[in-house]
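Atom set for the values below is all heavy atoms of this structure, side chains included, hydrogens, waters and symmetry mates excluded.
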Amino acid sequence: MKQIKYTIVSLILLFVALPLSAQTLEEAKKMYKQGEYVQPKEVFRKQLKSRPNDAQLNQWYGVCLYETGEAEKAEPYLQKAAKKKIQDSYLYLGKIAFDNYNFTQAKEYFEQYIEALEKNKGDVEKGENLYKRVSRCESMLRRTEKVQIIDSIIVARERFLDSYKLSHECGSLSYFSDIFKGDEEGTLYKNQRNDKVLYATPTDSIYSIKMRNRMNDGNWSEEIPVEVIADVEGNKAYPYLLSDGLTLYFATDNDSLSIGGYDIFVTRKNLNSDEYLSPSNLGMPFNSTANDYMMVIDEYHNVGWFATERNQPSDSVAIYIYIPNEIKEIYSDLSLDSIKPYAQITSISQTWLEGEEQNYKQLLKQVYTEIKPIQNKEEADFEFIIIPGVTYTKYTQFKNSKALELYKLAEGVEREIANQQATLKELRTKYAKATPSQKEKLAELILKAEDNLKTLYPQPEQYRNAARREEVK
C-alpha cells in the first residue's frame, strides 16, 4: 500500500513537472527571439541532454554560446543544425570563420545563408552585405603591412587615452568633457600651438568630426564640421591631425567601408579645394574584425599608437605601439595562412627585426619618459637651402614655427607620393594579370591614383618655397 502511494505521488509530480518544463522552454525561446541569450542558454543545454540530435535545439544553444563569448564551443552544435539545413546555422558558422580570419570558409557559409534566405523568401541584403565584407577582408589580408609592433598594453576602456604618451611637439589628447562643458563622450585632439581642437560629438546619436579654432580673445570659436566622408552613413570619430595640418586619421563604422565595427582611415586635405580627399582604409594589421580606432603618430619619437578591441573583454582595450613605415611593404612572399598571424597580431615579437630588441627597449624608454631622442650633430637629417650660403640640416635650426610646419608639410606630401606610387605600381601589375571583368574596376582605381598623384606632385616645392619666405622674414 505504501509503495502504491509513492507511485501515485510520483506520477502526480511528473505530470506537474511536464507543463513547467514546456513553459520554461517556451520562455527561453521567447527570450532568445528578443536577443536574450544568457538565461535561455542553460534551458537549451538541459533540453539537449534528452534530445541531443534535435537540430533546432542545437541551433539555439549554439547561437547562445556564440553570443555569450563561447564561440569555440558553439561550432559543433551549429554544425549539427547545418546538417539539417537550419537557416541561421550558416550565418553563425560564417561569423565564427570570419572571426578566425578563415575568410574563404566564411564566404562559403554566407553563400549558403543567402541561398537559405532566398528559399525561405527572406531578405537577402544582410547575407549579401556580410559576403561583401568578407571579400574585402580577404583582399585586405593579402595586403597586410609589415609593421614592427614594439609594445602592447591592456587598459580599461573607460579611460584608455590616459595610456597614450604623446610628445609635446605633437599636441595632446584628452576627452571632450575635459575641455568643454557637457556630457558628450568622445576623444579630443589639441594641436601643439593650442589653437585648434578636433573631436567627435553625436547628432541624433550619430558621431561626426568637428573642429574649433582659438580666437584672439582666448575663447574657442563655434563648431566647424569636418567633412571626411559626408556622403556615407555611420559614425566618424577618434580624429588625430598630423603636425602638417593636412593629414587626418579617424575611425568609422560604416558597413560599406569597414571590416568590423570601427576601422581606422587616413585622408589628406587638398589645398586647392580645401576639402579632404577620399579616405583610405589602413588595412591589416591596424584594422581587424573587431573595433579599431584612435590612430596617433608621434612624429618626434617616430612611433605610432592605435587601440583595438580584438580578443578583449567588453571593458578592456589593447593599445599597440609600432614603428611607422615611410613606404608600405606587404608580405608578398607568404601564403594567406602564413600572413594570418601577422594580420591578427598573435605575437608582437614575431614582427620584430632580428637584433633590434634592445633598440626597441631604448625607444620605448624615451617614449614613456618623454626623453628627447639624442641626435648626432654631425649627421645631417636633410639639406634645405634658405638663401645662398645658408643651409639648414636640422629641424632645430628653424627660427620660425610656421616655416618649420610648412617644411614638414613638404616632407609629408613626399611620403604620400611615394606611397601612392607604390600603390599605382601594384595596381598596374594586377591589371596586367587580371581578367576582363577585373580590369574594369582596376582601371578606375589606376585613374584615380594617377589623378591623386597629379595633385600631389607640385605641392612639396610649393610648401618649401612658402617655408623659405616665412623663415626669411
- Task: Say whether Glu471 and Tyr407, considering side chains only, have a donor N or O and an acceptor N or O under 3.5 Å apart.
- Result: no
**Request:** Determine whether the side chains of Ser174 and Lys190 contain a donor N or O and an acceptor N or O closer than 3.5 Å.
**Result:**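 Short answer, no.
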Rounding to 0.5 Å, atoms CD1 (Ile345) and OG1 (Thr351) come to a distance of 8.0 Å
Discussion item. Using the ring centroid of each side chain, check whether Tyr262 and Tyr238 are separated by less than 6.0 Å.
Written reply: yes
Below 6.0 angstrom between ring centroids: does that apply to Tyr322 and Phe286?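 Between Tyr322 and Phe286, the centre distance is under 6.0 Å.
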Taking the side chain from Tyr189 and the backbone from Leu241, do they hold a donor-acceptor pair closer than 3.5 Å?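 Indeed, once roles are kept as given, a pair shorter than 3.5 Å links the two residues.
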In terms of heavy-atom contacts, Leu334 and Tyr342 come closest through CD1-CE1, 3.9 Å
Closest non-hydrogen atoms of Gly245 and Leu409, given as atom of the first, atom of the second and distance, are N-CD2, 4.4 Å
Query raised in the report: Should Phe250 and Tyr276 be marked as a ring-ring contact (aromatic ring centres under 6.0 Å, His included) after you check the CA-CA gap, both sets of side-chain angles, and the distance that decides it?
Result: CA-CA 12 Å; Phe250 68 98; Tyr276 282 100; 8.5 Å; no
Checking salt bridge (Lys or Arg N to Asp or Glu O under 4.0 Å) between Lys41 and each of Glu67, Glu36, Glu70, which is the one that passes?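 For Lys41, the salt bridge (Lys or Arg N to Asp or Glu O under 4.0 Å) check succeeds only for Glu70.
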Check this for me, if you would: do Glu223 and Arg212 make a salt bridge, where the nitrogen-to-carboxylate-oxygen distance has to be below 4.0 angstrom?
yes
| query | Should Glu138 and Lys107 count as an ion pair when the cut-off is N to O under 4.0 Å? | reply |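 Salt bridge present between Glu138 and Lys107.
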